[in-house]
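In what follows, a structure is listed as structure tokens, so that the remarks can point back to it.
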Amino acid sequence: MKRTTYCGLVNESFLGQQVCLKGWVQKRRDLGNLIFIDLRDREGIVQLVFSQEFEPQALKIADQLRNEYVIEVSGIVVRRADEEINAKMKTGTIEVEAHQVNILSKAKTPPFYIENGIKVADDLRLKYRYLDLRRPEMQQAIILRSKILQAVHRYLDDQDFINIETPYLTKSTPEGARDYLVPSRVYPGHFYALPQSPQLFKQLLMGAGFDRYYQIARCFRDEDLRGDRQPEFTQIDLETSFLTAQEIQDLTEGLLKKVMQNVLGIEIKLPLPRITWDEAMNRFGSDKPDTRFGMELTDMAAAVKGVDFKVFQNVLQKGGQVKAIVVPNGADHYSRKEIEAKQDYLKRFGAKGLAWLKVTADGFSGPIAKFFKDQVAEIKAAAGAKVGDLILFVADTRKVVADALGYLRTNIAHELNLIDESKFNFLWVVDWPLFEYSEEFHRYIAAHHPFTMPNEEDIHLLDTDPHQAHAQSYDIVLNGYELGGGSIRIHRREIQEKMFKALGFTKERAESQFGFLLNAFDYGFPPHGGLAIGLDRFAMLLSGKDNIREVIAFPKNSKASEPLTNAPSTVSVKQLDELGLEVEDD
RNA sequence: GGUCCUAUGGUGUAGGGGUCUAUCACGCCUGCCUGUCACGCAGGAGAUCGCCGGUUCAAAUCCGGCUAGGACCGCCA
């Protein structure tokens, strides 16, 4: 029997026709000499009817069917009587009178029900991922991801980008994340590294004259996992020659617009909003602000100047900041105990305390309200607070204030449901610092990566005040997630060498690690730049999920293992021998 | 590397020293049922309470360790 159509696509245009369907038994409702089967495939569910009246033989087989059996069935599409219509089903006005049915595959009872919204431990879902992926919401998420890719391929092809693959077995580089290493059999003791990104290759492709490159590239980083981080993930990676940062951003906006149109049918307004990194940190306490709600950070230094509250005064004297966020109508939502719990949480960002005031009709309430009696109007005005609001203050260094209040801002917005989930707020964050200080290494490290071009007017700072320099880099942010980022790259040897020097590389080390890039710069290298978008995060956000596992067919669990195949696993001594490796016992 | 949380039939859970011979729902099995779609009705099976040790007359319950998982900090150019 050849399949006529998908279950979910049977509609009134098939009325009276014979169809052949193949799929999985979603549900059997056995009424004796009348049996209903919901049959499921990737497009949806349709109801089959088996009856003594029209085919006793088929009814007998239907009696044996159980959930998740794979069957093929042929029958006639008929309209349901009015009172039998199921308005909840896409195919609810019709059903298929089954005349012939074959069991293609029997099934054990699955460990969880194949339906949306199941409440099951993630590990069990991953162990039986092939069952989990049968669930309609998973199918939709994976299909949505595919649609994004389709739109990306079409758009970039239209824009004359060339799709080029770069190696997965490549060279370990010192900066950045921990590498996944692959031992070489041919050169014992030598290792390939899986790419953290195709960065250097795509730059070399610009040197090769391809002008516009893109790739759907798998990237590997051996760091701990988070809801939005997997050890292997996919980037929509692109690079162009001769374009300005603005032009690259324009191209990217066109790409995002196309994806939003094709995948969700949503029109986004271009150009996208754009703020500097400084502004993002000052207003939102984050380099990837969620702009779907307010509660911005306000500087309270001036307003609390005369307040006899030592904590604030000490911080201000030391050159620190006193900033606040206002929780609208927050006074009733948070008890003293709850606020103190948040204060405890903030310790992990280095915050020593969380000062708070509830705005009442006659001033402030709360344990420190007494210090602020004389500045009620001033503080209310500065914070933009009204009666019933809760004002939360953090006084500390700039970084601690931003981290702590930035966290509180999003945490509270989620708790109080202040976020319009239907919004897709794209935002460029531009003009990043070129370097950030690493406590671990006691030196400056690249904020983006070591190949990022400084602002022209900051190039001289590389020799004198590197931490003052800003970069020609840009991140695209969506709803508080770093969706992607890119930069104009360095394409001249002397600037790249200055950069390596500022990063604390010796000339020899720069030469041995990145000599091939520096050499390439000597042979006529075009100015270039590009960007990479995290496909997994993009798909996660467009499908309304809160973990990228939900849009990856076979992800790792939060301990970086994969319960389905049990990777990683030990290997035989023979395999290790061939690689010249030995595993130490603990 | 660190902090916190969780572990009870197939699944999700209740139970926080004796009443547990372990609750409920879904699922599963058998029978009945011709208009169900959360089908219904009647009956049934299914759990060494994650593992090891300790406290106690007595441990699913308290304590310690381990294992597995989850969230977060660090880490993620």
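Quick note on labels: first sequence line is chain A, next is B, and so on, each numbered from 1. These numbers were taken from a predicted model, which means no experiment stands behind them.
- Distance A:Leu39 CG to B:U36 P: 21 Å, rounded to the nearest Å.
- Contact between the side-chain N/O atoms of A:Arg29 and the OP1/OP2 oxygens of B:C39 is found at a separation under 4.0 Å.
- Under a cut-off of 6.0 angstrom, the local environment of NZ in A:Lys545 is crowded, with over 12 non-hydrogen atoms contributed by other residues, nucleotides or ligands.
- No option in A:Val78, A:Thr5, A:Ile94 other than A:Thr5 meets the side chain to side chain contact (heavy atoms under 4.5 Å, CB included) test with A:Phe14.
- Annotation: ring-ring contact (aromatic ring centres under 6.0 Å, His included) contacts of A:Phe54 (sequence neighbours excluded): A:His99.
- Residue contacts for A:Asp224: at a heavy-atom cut-off of 4.0 Å it reaches a base atom on one of the strands shown.
- Residues A:Tyr213 and A:Phe201 place their aromatic rings such that the two centres sit no closer than 6.0 Å.
- Counting to the nearest Å, the C1' atom of B:C75 and the CZ atom of A:Arg226 are 8 Å from each other.
- Look at the P atom in both B:G65 and B:G2: the space between them is 13 Å, to the nearest Å.
- When the P atom is used for both B:G17 and B:G69, the distance is 30 Å, rounded to whole Å.
- Atom CZ of A:Arg348 is separated from atom P of B:A71 by 14 Å (rounded to the nearest Å).
- If you check B:C37, B:C73, B:U13 against the side chain of A:Glu84, the one that comes closest is B:C37.
- Computed from coordinates, the A:Lys127 NZ to B:G50 C1' distance equals 14 Å when rounded to whole Å.
- At a threshold of 4.0 angstrom between heavy atoms, the contacts of A:Asn547 are confined to the sugar-phosphate backbone, with no base atom among them.
- When heavy atoms are screened at a 4.0 angstrom cut-off, A:Pro450 is found touching base atoms of the nucleic acid.
- Nucleotide B:A45 is matched to nothing when pairs are restricted to Watson-Crick or G-U wobble geometry with both distances under 3.5 angstrom.
- A gap of 13 Å separates the P atoms of B:A47 and B:U23, to the nearest Å.
- When distances are taken from the side chain of A:Asp38 to each of B:G70, B:G12, B:C37, the shortest belongs to B:C37.
- Every side chain to side chain donor-acceptor pair (under 3.5 Å) that A:Ser172 has, sequence neighbours left out, goes to A:Asp179.
- Rounded to whole Å, the separation between the C1' atoms of B:G27 and B:G9 comes to 11 Å.
- In this structure, A:Lys399 NZ and A:Phe349 CZ are separated by 9.5 Å, a value rounded to the nearest 0.5 Å.
- Within the shown strands, nothing qualifies as a pairing partner of B:C33 under the Watson-Crick or G-U definition with both distances less than 3.5 Å.
- A:Leu59 places its CG atom 14 Å from the C1' atom of B:U36, with the value rounded to the nearest Å.
- A gap of 23 Å separates the C1' atoms of B:C57 and B:C52, to the nearest Å.
- Using N1 to N3 plus N6-O4 or O6-N4 for Watson-Crick, or N1-O2 and O6-N3 for G-U wobble, each under 3.5 Å, B:A7 pairs with B:U67.
- The A:Lys559 side chain lies nearest to B:G69 when the options are B:G74, B:G69, B:C37.
- B:G16 has its base syn relative to the sugar, with a glycosidic angle deviating from 0 by at most 90°.
- Taking atom CG of residue A:Asp82 and atom P of nucleotide B:G35, one finds them 17 Å apart after rounding to whole Å.
- Nucleotide B:U13 holds its P atom 12 Å from the CD1 atom of A:Ile118, rounded to whole Å.
- Salt bridge status for A:Asp38 with A:Arg29: present, with a side-chain N to carboxylate O gap under 4.0 Å.
- For the pair A:Asp403 and A:Gln199, both in contact range of RNA chain B, the more 5′-proximal nearest nucleotide belongs to A:Asp403.
- Counting non-hydrogen atoms under 4.0 angstrom, A:Gln26 reaches nothing in the nucleic acid.
- Of the candidates B:G70, B:C72, B:C76, the closest approach to any side-chain atom of A:Ala177 belongs to B:C76.
- The OH-P distance, from A:Tyr345 to B:C5, rounds to 14 Å in whole Å.
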What pairs of nitrogen or oxygen atoms, one from the protein and one from nucleotides 28-34 of chain B, lie under 3.5 Å apart?
| from | atom 1 | to | atom 2 | distance (Å) |
| --- | --- | --- | --- | --- |
| B:C29 | OP1 | A:Arg66 | NE | 2.8 |
| B:U30 | OP2 | A:Arg66 | NH2 | 3.3 |
| B:C33 | N3 | A:Asp30 | O | 3.0 |
| B:C33 | N3 | A:Gly32 | N | 3.4 |
| B:C33 | N4 | A:Asp30 | O | 3.3 |
| B:C33 | N4 | A:Asp30 | OD1 | 3.2 |
| B:C33 | N4 | A:Gly32 | N | 3.4 |
| B:U34 | OP2 | A:Leu31 | O | 3.2 |
| B:U34 | OP2 | A:Asn33 | N | 3.2 |
| B:U34 | N3 | A:Glu53 | OE2 | 3.1 |

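- For B:G74, its base never sits under 3.5 Å from the side chain of A:Glu223 at any donor and acceptor pair.
- In terms of polar N and O atoms assigned as donor or acceptor, the side chain of A:Arg221 never comes within less than 3.5 Å of the base of B:C76 in a complementary pairing.
- With P as the reference atom, B:C33 and B:U8 are 40 Å apart, rounded to whole Å.
- Base engagement by A:Ser197 is indicated by at least one non-hydrogen atom pair under 4.0 Å involving a base atom.
- Taking the six-membered ring where tryptophan is involved, the planes of A:Phe220 and A:Tyr180 are perpendicular, since the angle between them exceeds 60° and thus also 30°.
- The environment of CH2 in A:Trp277 is crowded: more than 12 heavy-atom neighbours from other residues, nucleotides or ligands sit within 6.0 Å.
- A:Asp122 comes within 4.0 angstrom of no nucleic acid atom, judged by non-hydrogen atoms across all strands.
- Between A:Ser558 and B:A71 there is a side-chain polar atom (N or O) within less than 4.0 angstrom of OP1 or OP2.
- Mapping A:Ala81 and A:Pro563 onto RNA chain B via the closest heavy atom, the residue that lands nearer the 5' end is A:Ala81.
- Atom P of B:C26 sits at a distance of 8 Å from the matching atom of B:G40, rounded to the whole Å.
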May I have the step-by-step check of side-chain contact (heavy atoms from CB on, under 4.5 Å) for A:Leu126 and A:Leu564, ending in yes or no?
CA-CA 6 Å; A:Leu126 291 182; A:Leu564 175 63; 6.0 Å; no
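- Environment of CD in A:Gln57: sparse, with no more than 12 heavy atoms of neighbouring residues, nucleotides or ligands closer than 6.0 Å.
- Of the nucleotides present, B:G54 is the one that pairs with B:C62 by Watson-Crick or G-U wobble criteria, both distances under 3.5 Å.
- A sub-4.0 Å separation between OP1 or OP2 of B:C37 and a side-chain N or O of A:Arg40 is absent.
- The A:Phe36 side chain lies nearest to B:U36 when the options are B:C76, B:U36, B:C37.
- A:Ser561 comes within 4.0 angstrom of the backbone, heavy atoms only, and of no base.
- Taking a pair to require two hydrogen-bonding distances under 3.5 Å in either a Watson-Crick or a G-U wobble arrangement, B:U23 remains unpaired.
- Rounded to the nearest Å, the gap between the C1' atom of B:C24 and that of B:A14 is 7 Å.
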